[in-house]
Every structure is written in structure tokens, then in C-alpha cells.
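Report on the following structure.
A, B, ... follow the sequence lines: proteins, then strands. Residue 1 opens every chain. Quick caveat, the model's predicted, so the values are computed rather than measured.
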Protein chains: 2
Amino acid sequence: MTKMTDLTGAPALPLNTIMAGDCIEVMKGLPEGSVDLIFADPPYNLQLKGELHRPDNSRVDAVDDEWDRFSSFASYDRFTQDWLREARRLLKPDGAIWVIGSYHNIFRVGAAMQDAGFWILNDVVWRKSNPMPNFRGKRFTNAHETMIWASKGEGAKYTFNYEALKALNEGIQMRSDWVLPICNGGERLKTETGEKAHPTQKPMSLLHRVLVGSTNPGDVVLDPFFGTGTTGAVARMLGRDWIGIERDAGYREVAHRRIADVRPFDKSALQVSTSRRAAPRVPFGQLVERGMLRPGEELWSMNGRHKAKVRADGTLIGDDVKGSIHQVGAALEGAPSCNGWTYWCFRRDGKTVPIDVLRQQIRAEMEDRPD
Amino acid sequence: MTKMTDLTGAPALPLNTIMAGDCIEVMKGLPEGSVDLIFADPPYNLQLKGELHRPDNSRVDAVDDEWDRFSSFASYDRFTQDWLREARRLLKPDGAIWVIGSYHNIFRVGAAMQDAGFWILNDVVWRKSNPMPNFRGKRFTNAHETMIWASKGEGAKYTFNYEALKALNEGIQMRSDWVLPICNGGERLKTETGEKAHPTQKPMSLLHRVLVGSTNPGDVVLDPFFGTGTTGAVARMLGRDWIGIERDAGYREVAHRRIADVRPFDKSALQVSTSRRAAPRVPFGQLVERGMLRPGEELWSMNGRHKAKVRADGTLIGDDVKGSIHQVGAALEGAPSCNGWTYWCFRRDGKTVPIDVLRQQIRAEMEDRPD
DNA sequence: ACTACGTGTGAATCCCTCC
DNA sequence: GGGAGGGATTCACACGTAG
């Protein structure tokens with residue numbers, strides 16, 4: 001493949017392009033710590049009946065059952081370890097990875113991810129609303145696939161747009177089981193002869209939820225098993241940069257045309273709900289400095305059971321306790337911690353008002369005139 | 001343990017008893033090829049670190065028991081390989097095994113099962129209808145556990161009561177995802193002091209479906225991690241013989257009393273597992289994920305007086321208001337509440353269509369294969 | 001008897017910034 | 001890098017008590 005470098009001599013990222021070749025080799029040529037998210041839909045590769053192929057496409061010549069079984073699992077494991085090692089190298093320290101699979105391969109993949117140092121955050125079940133039935137009635141309808149979401153390592157940071165996903169789910173925390181239809185109808189890519197362009201095309205709704213939940217606009221998303229480019233199409237739609245790797249020229253061609261047709265959403269639609277966590281921090285002392293609360297004034301706990309007096313330095317003093325609004329609240333409640341902003345109230349004109357109202361006033365002013 | 005033999009000199013099966021001791025050692029003393037089904041609920045190796053509190057400051061009662069602590073993945077893997085080897089030895093040639101776990105351990109267990117020669121038939125997802133939320137909002141609600149169902153080896157026969165399961169599922173082929181509540185209320189075993197008798201008691205409805213589906217009356221069911229004996233209780237109820245292995249004397253005592261109380265062929269568990277299903281809630285965000293509405297697209301109020309723009313996370317943004325379809329509708333109308341589904345319309349081909357039409361489409365799809 | 005409301009709790013790898 | 005401290009964060013049920 002072509003080696004690209006930027007002006008500093010560091011290899012540049014080939015953003016929004018489909019790279020040709022084996023993903024392990026191609027990833028070796030990309031710079032370490034450069035990617036925000038990896039979405040991988042690796043080959044399931046474990047149909048031991050009939051033929052079995054190594055990652056390099058050579059056919060495994062079975063001698064007997066024992067040898068064949070050992071050889072095939074071991075060869076799939078080596079392949080998995082190899083691409084996972086390169087994938088992890090490419091991730092930024094606060095990057096994350098999603099891998100999708102079925103019971104044929106997902107257990108080996110999950111164990112390999114843990115062995116490679118990834119830290120599993122959730123396994124997410126894609127529950128298909130319209131799966132193919134088990135025609136022979138010998139097993140359960142295979143109605144789901146499993147995704148593993150993992151950070152780069154134990155304690156590593158990662159992106160999780162909690163509020164946006166909660167909003168997507170009408171105000172209820174998003175669960176680890178997602179009910180979504182399989183990809184068919186107009187979304188399913190076809191060849192000129194009307195056949196499926198790719199046997200395992202994933203629905204865009206699945207990628208939408210993955211990318212809204214674990215990336216921000218402008219992030220770089222890598223898909224090492226690009227296929228017909230669902231990841232790229234949704235990334236472009238959502239204003240994320242993407243890189244695809246695919247060794248099949250036919251799939252690359254379909255993906256290229258498909259992504260070129262995508263109209264990105266406009267910027268304002270990409271702004272998603274955020275939590276208070278992202279809001280600027282307001283020290284309680286500022287309420288006193290600005291005269292919103294007077295030193296000596298009494299605050300009352302939300303439940304009305306406790307009171308404390310405001311001091312000029314923005315601390316509280318109650319019976320035998322003094323400290324921050326949080327510390328005094330925790331001490332009075334005998335709790336391990338306490339959010340003083342939602343715990344304390346002041347009184348004006350006979351009404352009891354949470355002090356958080358004052359913080360919101362300050363934040364509103366800051367939005368008009370940011371520092 | 002005591003060695004038992006029957007009249008022919010072959011070791012006899014200690015049917016319908018709880019054996020004391022470490023399951024690997026105990027299994028070594030049982031005869032090869034003697035068991036029809038194994039249900040195993042091994043330690044999950046949760047690796048919990050500090051304490052966790054709910055937003056109301058109450059402390060979560062974590063699984064911190066000694067039996068769930070392993071020094072490393074390697075030591076957990078050795079343990080898993082050892083008990084799986086003995087389990088497989090005990091199975092009849094046409095026997096089968098179920099193992100339940102979470103993302104902490106299930107990938108390692110699944111890979112070890114394949115390595116041990118088991119042949120996976122399905123992975124089955126237990127979708128909890130009432131899981132514990134993720135209190136800190138840092139991950140998805142961990143709302144499911146995974147069960148692996150496997151035969152003794154590739155091509156081995158196994159029991160699958162297809163019609164019985166179909167009947168259990170109101171005439172529709174049983175899928176690989178089962179919606180069942182966690183074990184609480186009256187079914188949850190308590191000590192005299194009112195604490196949980198076992199931290200991870202499984203619901204009887206789960207075992208009911210497993211045993212109805214993959215055993216016949218008179219079959220022998222072995223549970224090497226017996227705990228407080230859910231497997232034994234359901235087996236007795238359904239007229240199956242059972243063997244439990246448990247090393248904790250306290251758990252054995254609770255299980256013994258519990259199983260003695262079971263009336264065989266009680267139909268109560270059946271009623272639990274076929275509990276009625278509520279009308280499915282469809283989040284508005286799903287219309288966006290599924291491409292039925294585009295982020296950036298405008299919606300119009302039914303009366304034509306207001307409009308708002310759809311965002312990628314399924315919220316709306318109008319003049320000075322943003323939030324859910326319901327919130328924005330209420331704000332624009334100055335009303336205390338608003339049903340956004342009937343309030344908002346989208347435009348296609350010059351026609352104005354209520355968004356509720358799209359929700360009805362999704363519900364219709366779900367009715368094809370409910371659960 | 002029935003409803004309304006408050007409380008308790010479940011296999012959990014659950015914060016982040018600043019000094 | 002470790003410790004301190006601000007302050008953000010929950011859904012579905014079962015059960016008990018009040019009205």
C-alpha cells in the first residue's frame with residue numbers, strides 16, 4: 001500500500017477513504033494512537049462443515065476430526081489475536097472498540113479481547129425483530145447477535161453520550177439489549193442481477209446508535225472489515241470521519257458509490273443532549289460574592305430536617321459541622337456523599353427555593369457572555 | 001465422599017440428593033456417561049473493586065463472596081477447563097449442557113467449552129424485565145445474561161422439545177432471547193434475619209424453560225454449582241431426577257428444605273414464564289435511527305402553527321425550546337403536557353402525515369414475532 | 001376493598017478534576 | 001501519581017402503610 005506522511009514526517013491518516021488489502025497488513029501501516037473508535041464485523045469463519053479457510057484464504061486440509069478442530073480454532077484465534085493487536089495499537093488512549101459476532105465466534109473473540117488488554121464495558125445484544133426462523137425445528141430461532149464494547153484498558157477513559165442515548169430511548173436509560181430490524185428492503189444493497197451485494201450487511205440503525213453513543217462529531221472511526229461500507233455511510237451522515245479497510249474489490253466499489261450518495265445531516269441536527277456534567281462549574285462562594293445569598297443567612301435541607309448558616313467564605317456552619325455545602329449535607333444526613341446544590345434551599349418571601357436555581361441563573365448568564 | 005455401587009458393581013448415581021464438596025472432585029467420583037443434562041451457574045469472576053451507591057445514597061449489596069474471587073484470568077480459565085472436562089465426561093453421548101454467565105466470564109467459558117469439544121447449539125439471552133440500572137450513567141444498563149446450550153460434540157444427538165416450547169410461546173417458534181423477570185418477591189429465599197439466602201438466586205421460570213425444552217420426564221439433571229437449589233426444585237416439579245453439588249453447608253441446608261417443600265407437577269412456574277406481555281413502547285428516537293425521519297427534518301404541529309427540527313438523538317429543537325416530542329409540543333402550546341405522537345406531523349410528497357403512523361408501522365413489525 | 005404513596009433492592013467490572 | 005473533594009447519578013417491582 002501507499003505510505004502517506006504529513007509535513008511533520010508522521011504518517012497521515014487517510015481519512016474518508018477505503019484502503020485496499022488485508023486489514024492486518026494495512027493497519028500496520030497506520031500511525032499508533034490515531035483513531036477514536038473501531039467498529040469491527042470480522043468473519044465468523046467457523047463453519048467447520050465442509051470447507052475451512054485460513055485467513056490467507058488457503059484451504060485447511062483436514063486429516064481427522066480431532067486435528068481439524070484443533071487446527072481450525074487455533075487458526076481463527078491467531079487471526080483474531082493479530083487483528084486485535086493492531087487495532088489496539090491504532091486506538092487513542094481514550095478510544096474504544098465495538099466487535100460484533102454470533103455464537104460461532106464471539107466467545108473466542110471476547111476472550112481474545114480480554115487477553116489483549118481491552119476492558120469490556122458492556123456486551124450488547126442486537127435483538128432482531130425479524131430473524132430467519134429455524135426451519136428444521138431443531139434449535140431456537142437464532143434471533144440475536146452479540147456486540148462487545150470495550151475501552152483500551154482497565155481504567156481507560158472512553159466516550160459515552162449517556163444523555164443522547166437516554167433521549168433516543170424516550171428518557172429511559174439505554175439498556176444492553178437493542179431491538180432493531182435486520183437490513184432488508186430498500187436499504188439492502190443489491191447487484192445489477194438483484195442478488196445481495198454482501199451476505200451480512202448490517203442495518204444503519206445499529207451503527208447510528210453505536211456512533212451517536214460512543215463518538216462525537218469530528219471523531220475518526222475505523223472499520224477494518226468494511227464490506228459494503230455501512231460504517232462509512234453512517235459516519236458520513238453523522239459528521240464523523242471514517243477509514244475503511246476491505247480486501248474485496250467488488251465490495252469496495254459498492255461501498256464507494258454508496259457513501260458518495262450519502263447526504264450528511266446538517267450541523268444543528270448533530271448537536272445532541274448533554275448532561276450537567278458538561279456544564280461549567282460554579283463555586284458556591286460565587287452566590288455569596290454576588291449577593292445572591294447573604295452571609296449569616298440560613299439554608300434548609302430539602303427534607304426540612306436540618307439547617308445551616310452561610311458564611312462569608314462560601315462555607316456552611318451547622319450544629320457541630322462546618323465545611324462545603326456538600327460536606328455539611330453529607331455529615332448531617334450521615335451519608336457517604338451529598339450533592340449540596342440539590343440538597344439545600346433558601347427562603348424568600350415565605351417560599352422555599354433550591355439553591356440550584358441560583359446556579360442556573362449564573363450559568364444562563366455565562367451562556368450569553370462566555371468568558 | 002462415599003463411594004456407592006449398585007448390584008452390578010458399577011457406581012450408582014446418588015439421585016435427588018445434594019452432594020457436599022468441590023464440584024470437580026465430586027464429579028470425578030461419578031460414573032462416566034450417566035447424566036442427561038447439566039445446568040451450570042459457575043462463579044462469574046465479577047472483579048468488583050470499591051463500593052457502589054445508588055443516587056439516593058443507599059449502598060448496593062455487591063457479590064463480594066469468597067467463591068467469586070479469582071487471582072487472574074488464567075486461574076479462572078484453569079478452573080473452567082477442569083470442571084468442564086469432568087462435566088463432559090459425565091454426560092451421556094446424547095446429553096447436553098447449559099452454562100449461564102455475564103460478559104465478565106461468558107466469553108472465556110464459551111471458548112473453553114468449544115476447546116473441550118462441546119458443540120454449541122445456541123446462545124440464549126436472558127433479557128431481564130427488571131434489571132438494576134447503571135447508577136452512574138457510565139455504561140448501558142446491564143440488562144441481560146447469556147446462556148450457552150451445547151451438545152456433547154459435533155454431530156451428537158440431543159433433546160429438543162420443539163413443540164412444547166412453541167406451545168409455551170403461544171404458538172410461535174421459541175427464539176434465542178427470553179424475557180423473564182429476575183428472582184425477587186416471594187420466590188426469593190431469605191434467611192431468618194431477612195437477608196438474601198444466596199446472592200445470585202436464579203428465577204424458576206428460567207430453569208422451567210430450560211428443562212421443558214431440553215429434557216424429558218425421568219431424565220437425570222446435574223447441577224455442579226447447586227447453590228440454593230433452583231435447578232433441583234424445578235426438576236422435582238417437572239418430574240426429572242436431579243443431582244446437586246454444593247460446597248457451602250449453609251446453601252445446602254436451604255436447598256434441602258426448599259426442595260422438600262416442592263409439590264411435583266405444580267403449574268405455578270408455568271404461569272410465571274408465560275406472563276402477559278405489555279404493548280411495546282416505541283421510543284421516538286427509533287424513527288430517526290431507522291431512517292424513517294432524517295435529523296434536520298422539520299416536523300409541523302397538527303394545527304400548523306408550530307414547527308421544530310429533528311435531531312440525531314431523537315430530540316426536537318424549536319424556537320427557544322428543545323427536548324422530547326412531548327416536551328417541545330407542550331412548551332409551544334403552553335400546555336402542561338402533550339402527546340407528541342399525535343401532535344407532530346412530517347411532510348412527504350406534499351402530504352402531511354402524523355408521526356404516529358410510523359410508530360404503528362414499527363409495532364406491526366414487532367407483532368409478527370413478539371416476545 | 002381499593003388506591004396512593006413511600007420505601008427497599010437487584011451477578012455492577014459505575015467520576016473526574018485539581019493540587 | 002496519589003489523595004482530596006466537588007458533585008452527578010436510577011428502573012421496575014414488590015411490599016407496607018396511610019387514607
Side-chain angles (χ1 to χ4, degrees), chain A residues 94 114 118-123 150-151 153-155 157-158 160 162-163 166 169 171-176 274-279 281-285 303 314 323-330 335-344 355-356 359, chain B residues 41-65 67-70 73 100-106 126 128-146 179 181-188 190 194-196 198-203 225 227 275 278:
Chain A
D94 56 354
Q114 292 178 311
F118 286 108
W119 190 249
I120 299 182
L121 298 167
N122 277 112
D123 60 335
S151 67
E154 182 175 2
K157 285 185 58 171
Y158 56 91
F160 184 55
Y162 176 75
E163 291 291 339
K166 193 171 169 179
N169 197 31
I172 292 162
Q173 184 173 95
M174 187 73 81
R175 297 167 42 117
S176 59
T274 55
S275 68
R276 278 194 290 265
R277 270 192 274 259
R281 204 181 125 186
V282 176
F284 175 72
N303 55 29
S324 71
I325 50 172
H326 316 294
Q327 289 167 332
V328 174
S337 71
C338 170
N339 184 344
W341 289 107
T342 52
Y343 180 74
W344 294 107
I355 60 173
D356 204 34
R359 180 170 65 161
Chain B
D41 183 8
Y44 288 7
N45 188 22
L46 287 186
Q47 310 162 68
L48 303 180
K49 300 287 193 306
E51 290 199 330
L52 179 66
H53 293 87
R54 299 185 182 80
D56 65 2
N57 268 326
S58 61
R59 197 177 72 85
V60 173
D61 185 15
V63 178
D64 52 5
D65 305 70
W67 50 255
D68 195 46
R69 287 201 282 267
F70 294 82
F73 279 137
I100 185 167
S102 68
Y103 67 83
H104 308 85
N105 71 323
I106 198 65
W126 169 26
K128 303 179 185 184
S129 55
N130 49 350
M132 187 164 72
N134 184 289
F135 296 116
R136 305 298 293 265
K138 303 306 294 181
R139 303 182 178 190
F140 299 97
T141 309
N142 194 1
H144 74 276
E145 294 187 23
T146 302
V179 180
I182 60 178
C183 180
N184 57 13
E187 188 186 325
R188 189 83 195 214
K190 301 281 167 60
E195 298 151 346
K196 312 181 268 206
H198 192 285
T200 70
Q201 185 183 340
K202 295 293 176 287
F225 305 96
S275 62

(message) Work out how far the C1' atom of D:dA12 is from that of C:dT13, and round it to whole angstrom.
(response) 23 Å
(request) By nearest nucleotide on DNA chain D, pick out whichever of B:His53 and A:Ser324 is the more 5' one. (result) A:Ser324
(request) Considering just the side-chain nitrogens and oxygens of A:His326, establish if one lies under 4.0 Å of OP1 or OP2 belonging to D:dG7. (result) yes
(message) Rounding to an integer number of angstrom, what distance separates D:dG7 and C:dC19 when you compare their P atoms?
(response) 14 Å
(request) Would you mind telling me which residue lines up with the more 5' stretch of DNA chain C, B:Tyr103 or B:Lys190, judged by nearest nucleotide? (result) B:Lys190
(request) With heavy atoms under 4.0 Å as the rule, sort A:Ser275 into base, sugar-phosphate or nothing. (result) sugar-phosphate
(request) Give the minimum heavy-atom separation between B:Ile100 and B:Asn105, together with the two atoms involved. (result) O-ND2, 4.5 Å
(request) Provide the closest heavy-atom pair for B:Asn184 versus B:Asn130 in the form atom of the first, atom of the second, distance. (result) ND2-ND2, 3.7 Å
(message) Please classify the nucleic acid contact of B:Thr141 as base, sugar-phosphate, or nothing, using heavy-atom distances under 4.0 Å.
(response) nothing
(request) Would you indicate what A:Lys166 reaches in the nucleic acid, counting non-hydrogen atoms under 4.0 angstrom: base, sugar-phosphate, or nothing? (result) sugar-phosphate
(request) Using the aromatic ring of B:Phe135 (for Trp, its six-membered ring), decide whether it stacks on the base of C:dC14 within the limits of 5.5 Å and 30°. (result) no
(request) Specify the closest pair of heavy atoms between A:Ala330 and A:Cys338, including all atoms of both residues, with the distance to one decimal. (result) N-CB, 3.4 Å
(message) Taking any heavy-atom pair under 4.0 Å as a contact, classify B:Asn45: base, sugar-phosphate, or nothing.
(response) nothing
(request) Could you please name the option among C:dA11, C:dT13, C:dC14 that lies closest to any side-chain atom of B:Lys138? (result) C:dC14
(message) So if I take every side-chain heavy atom of B:Arg139 and compare against D:dG6, C:dA12, C:dT13, which nucleotide ends up nearest?
(response) C:dT13
(message) What contact category does B:Trp126 fall into here, base, sugar-phosphate, or nothing, at under 4.0 angstrom with non-hydrogen atoms?
(response) nothing
(message) Within the 4.0 Å heavy-atom criterion, would you say A:Arg277 contacts the bases, only the backbone, or no part of the nucleic acid?
(response) sugar-phosphate
(message) Can you identify which nucleotide, out of D:dT10, D:dA12, D:dA8, has its nearest atom closest to the A:Arg276 side chain?
(response) D:dA8
(request) For D:dT10, take OP1 and OP2 only and decide whether either is under 4.0 Å from a side-chain N or O of B:Arg54. (result) no
(request) Evaluate the ring planes of B:Trp67 and B:His198, with Trp represented by its six-membered ring, and classify them as parallel (under 30°), tilted (30 to 60°) or perpendicular (over 60°). (result) parallel
(request) Rounded off to whole Å, could you give me the CG-to-C1' distance for the B:Asn57 and C:dT7 pair? (result) 15 Å
(message) Looking only at the side chain of B:Asn184 (C-beta and beyond, no hydrogens), which of the listed nucleotides D:dA8, C:dA11, D:dA14 gets closest?
(response) D:dA14
(message) I'd like to know if the side chain of A:Asn169 reaches the main chain of A:Ile172, judged simply by a donor and an acceptor atom lying under 3.5 Å from each other, with no hydrogens or angles considered.
(response) yes
(message) If I compare all heavy atoms of B:Phe70 with all of B:Pro43, which pair ends up nearest, and what's the gap?
(response) CE1-CB, 3.8 Å
(message) Base, sugar-phosphate or nothing for B:Pro42? Non-hydrogen atoms, less than 4.0 Å.
(response) base
(request) Check the distance between C:dC16's P and A:Lys157's NZ and give it to me in whole angstrom. (result) 6 Å
(message) In whole Å, I'd like the distance from the OH atom of B:Tyr44 to the P atom of C:dA12.
(response) 10 Å
(request) Would you indicate, yes or no, if D:dC11 has its OP1 or OP2 atom less than 4.0 angstrom from a side-chain nitrogen or oxygen of A:Arg175? (result) no
(request) Nearest 0.5 Å please: distance from the OG1 atom of B:Thr141 over to the CZ atom of B:Phe135. (result) 9.5 Å
(request) With the side chain of B:Glu145 defined as its heavy atoms from C-beta on, choose the nearest nucleotide among D:dG5, D:dT9, C:dA11. (result) C:dA11
(request) Could you tell me the separation between the CZ atom of B:Arg59 and the CG atom of B:Asn57, rounded to the nearest 0.5 Å? (result) 12.5 Å
(request) Have a look at A:Arg359 and say if it touches a base, only the backbone sugar-phosphate, or nothing, with a 4.0 Å heavy-atom cut-off. (result) sugar-phosphate
(message) If I take atom NE2 in residue B:His198 and atom P in nucleotide C:dG10, what distance separates them, rounded to the nearest angstrom?
(response) 13 Å
(request) Can you figure out which of C:dA11, C:dA12, C:dC14 approaches the side chain of B:Ala62 most closely? (result) C:dA12
(message) Once you apply a heavy-atom cut-off of 4.0 Å, does B:Asn142 come out as touching a base, just sugar-phosphate, or nothing?
(response) sugar-phosphate
(request) Please tell me which of the listed nucleotides, C:dA12, C:dC14, C:dG10, lies nearest to the side chain of B:Asp61? (result) C:dG10
(message) By the 4.0 Å heavy-atom rule, please label A:Phe284 as base, sugar-phosphate, or nothing.
(response) nothing
(request) Could you check whether A:Gln327 gets within reach of a base, just the sugar-phosphate, or nothing at all, counting any heavy atom under 4.0 Å? (result) sugar-phosphate
(request) Using only side-chain N and O atoms of B:Ser102, determine if any of them is under 4.0 Å from OP1 or OP2 of C:dA11. (result) no
(message) Would you measure the distance from the C1' atom in C:dG10 across to the matching atom in D:dT10 and give it in whole Å?
(response) 12 Å
(request) Round to a whole Å and report the spacing from CZ of B:Arg59 to C1' of D:dT10. (result) 18 Å
(request) Considering only atom C1', compute the distance from C:dA11 to C:dC15 and round it to an integer number of Å. (result) 23 Å
(request) Starting at CG of B:Asn134, measure out to CZ of B:Phe140 and round the result to the nearest 0.5 Å. (result) 10.0 Å
(request) Determine the contact category for A:Leu121: base if any of its heavy atoms lies under 4.0 Å from a base atom, sugar-phosphate if only primed atoms, P, OP1 or OP2 are that close, otherwise nothing. (result) nothing
(message) Nearest to the B:Pro55 side chain among D:dT10, C:dT13, C:dA12, which nucleotide is it?
(response) D:dT10
(message) Nearest whole Å is fine: how far is C:dA11 P from B:Leu48 CG?
(response) 13 Å
(request) Syn or anti for C:dT7, please, going by whether the chi angle lies within 90° of 0. (result) anti
(request) Whole angstrom is fine here: how far is it from OH in A:Tyr162 over to P in D:dG7? (result) 20 Å
(request) Dot-bracket for DNA chain D, please, read 5' to 3', with Watson-Crick or G-U wobble pairs under 3.5 Å on both distances, ( ) within the strand, [ ] crossing, | other strand, . unpaired. (result) .|||||....|||||||||
(message) Please find the pair of heavy atoms, one from B:Lys202 and one from B:Asp41, that lie closest to each other, and give the distance.
(response) NZ-OD2, 3.0 Å
(request) For A:Cys338, answer base if it contacts any base atom (sugar-phosphate contacts may also be present), sugar-phosphate if it contacts only those atoms, and nothing otherwise; contact means non-hydrogen atoms under 4.0 Å. (result) base
(message) Please give the distance between the C1' atoms of D:dT17 and C:dA1 as a whole number of Å.
(response) 15 Å
(message) Could you check whether any side-chain N or O of B:Asp68 sits under 3.5 Å from a backbone N or O of B:Leu46, counting only pairs where one atom can act as donor and the other as acceptor?
(response) yes
(message) What's the gap between D:dT9 and C:dT17 when it is taken at their P atoms, as a whole Å value?
(response) 14 Å
(request) Mind listing the closest non-hydrogen atom pair of B:Tyr44 and B:Ser102 along with its distance? (result) CD2-OG, 3.5 Å
(message) What is the distance, to the nearest angstrom, from the CZ atom on B:Arg188 to the P atom on C:dG10?
(response) 6 Å
(message) So B:Pro131, base contact, sugar-phosphate only, or nothing? Heavy-atom distance under 4.0 Å.
(response) base
